[in-house]
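I have placed the structure first, in the form of structure tokens, so that the comments after it can refer back to it.
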Amino acid sequence: MIRTRRGSCHCGAVKFECEIDLAPEGQRSPQLRPGPWYATTLRCNCSICRKTRMWKNHVPSEAFRLLQGADNLTHYRFGEGGIDHTFCKTCGIYAFVLASEPVMGGDFVCVNVAALDDVSPEGLAEAPIRYEDGAADEWGRAPAITGYM
């Protein structure tokens, strides 16, 4: 079920809310946008996701609101620079990513599920996860080993 969830960095300087569905398979709402990116949470083994332990859920940009702390964000881009990785300047938490891809319906936000403040441990444990082999640029395939992700 799609619900409004609130999240933040560790120190509380950055706060956001988003419309997100963390329900298990079979209990999920119709997706806000088509495509596998919006149908589940994702764990990736690309260099930045692996090093930051990012657990992401894509949400359309219109389903994301930065409530506080825009001035407390620092930005990091690498490679082609198409993805804006944002971090809190004070505590360093990686709460969300901003990007735009036509194949994904335009502007979207990858919310770090671990930065959501109002999801119980049981809710996190029930959230479906799809694994991506970003290290091999095989985004639709899980890597052979996922236990470390």
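Using a 4.5 Å heavy-atom cutoff, the side chains of Val103 and Trp37 are in contact. Between Val97 and Asp84, every side-chain heavy-atom pair lies at or beyond the 4.5 Å cut-off. Side-chain contact check for Leu73 versus His75: some heavy-atom pair is nearer than 4.5 Å. No side-chain heavy atom of Val113 sits less than 4.5 Å from a side-chain heavy atom of Val119. Counting heavy atoms from C-beta on, the side chains of Leu67 and Arg6 come closer than 4.5 Å. Side-chain contact check for Met54 versus Met149: every heavy-atom pair is 4.5 Å or farther apart. Counting heavy atoms from C-beta outward, Val14 and Ile93 have side chains that stay 4.5 Å or more apart. You'll find the side chain of Arg28 reaches within 4.5 Å of the side chain of Pro128, heavy atoms only.
Between the Arg33 side chain and the Met104 main chain, a donor and an acceptor come within less than 3.5 Å of each other. Judged purely by atom type and a 3.5 angstrom limit, Glu138 has no side-chain atom pairing as donor or acceptor with the backbone of Ala142. With hydrogens and angles ignored, the 3.5 Å screen pairs a side-chain donor or acceptor of Asn45 with a backbone N or O of Ala135. For Arg77 (side chain) and His85 (main-chain N/O), no donor-acceptor pair under 3.5 Å exists by modelled atom type. Side-chain N or O atoms of Asp21 include none that pairs as donor or acceptor with a backbone N or O of Ala39 at under 3.5 Å.
Of the inter-residue distances, the one linking Ile48 atom CD1 with Ile83 atom CD1 reads 8.5 Å to the nearest 0.5 angstrom. Taking CD from Glu101 and CG from Asp107, the interatomic distance works out to 10.5 Å, rounded to the nearest 0.5 Å. Distance CZ/Arg5 to CD/Glu19: 10.5 Å, rounded to 0.5 Å. Atoms CG and CG, on Asn57 and Asn112 in that order, are 10.5 Å from each other to the nearest 0.5 Å. Here SG of Cys46 is found 9.0 Å from CG of Asp137. Values are rounded to the nearest 0.5 Å. Distance check: Met1 CE to Ile20 CD1 gives 14.5 Å after rounding to the nearest 0.5 Å.
Contact between Asn72 and Cys88 at its shortest, heavy atoms only, is ND2-SG, 3.1 Å. When all heavy atoms are compared, the tightest approach of Leu32 to Ala63 is CD1-CB, 3.9 Å. Closest approach of Cys44 to Lys56, counting heavy atoms only: CB-NZ, 4.0 Å. Taking all atoms of both residues into account, the shortest heavy-atom contact from Gln68 to Ala13 is NE2-O, 3.3 Å.
More than 12 heavy atoms of other shown residues, nucleotides or ligands fall within 6.0 angstrom of atom CZ in Arg65.
Here Arg141 pairs with Asp133 in a salt bridge; the nearest charged N to carboxylate O distance falls below 4.0 Å.
No hydrogens or angles considered: nothing links the side chains of Arg43 and Tyr131 as a donor-acceptor pair under 3.5 Å. Side chain to side chain, Glu17 and Thr4 fail the donor-acceptor criterion of an N or O pair below 3.5 Å.
Partners of Ala127 under the side-chain contact (heavy atoms from CB on, under 4.5 Å) rule, at least two apart in sequence or in another chain, are Leu22, Thr41, Trp55. Scanning for ring-ring contact (aromatic ring centres under 6.0 Å, His included) contacts around Phe16 gives Phe64, Phe96, with sequence neighbours left out.
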- Item | Chi angles and distances behind the salt bridge (charged side-chain N to carboxylate O under 4.0 Å, His left out) call for Glu25, Arg130 | CA-CA 11 Å; Glu25 297 293 331; Arg130 183 170 60 89; over 6 Å; no

- Message: Under the criterion side-chain contact (heavy atoms from CB on, under 4.5 Å), I'd like the reasoning laid out for Cys110 against Val59: C-alpha separation, chi angles, the key distance, then a yes or no.
- Response: CA-CA 6 Å; Cys110 284; Val59 298; over 6 Å; no

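Both Ile129 and Tyr148 are members of a single hydrophobic cluster when ILVMFWY side chains are connected at heavy-atom separations under 4.5 Å.
Ring pair Tyr94/Phe87 is parallel by interplanar angle, where below 30° counts as parallel and above 60° as perpendicular.
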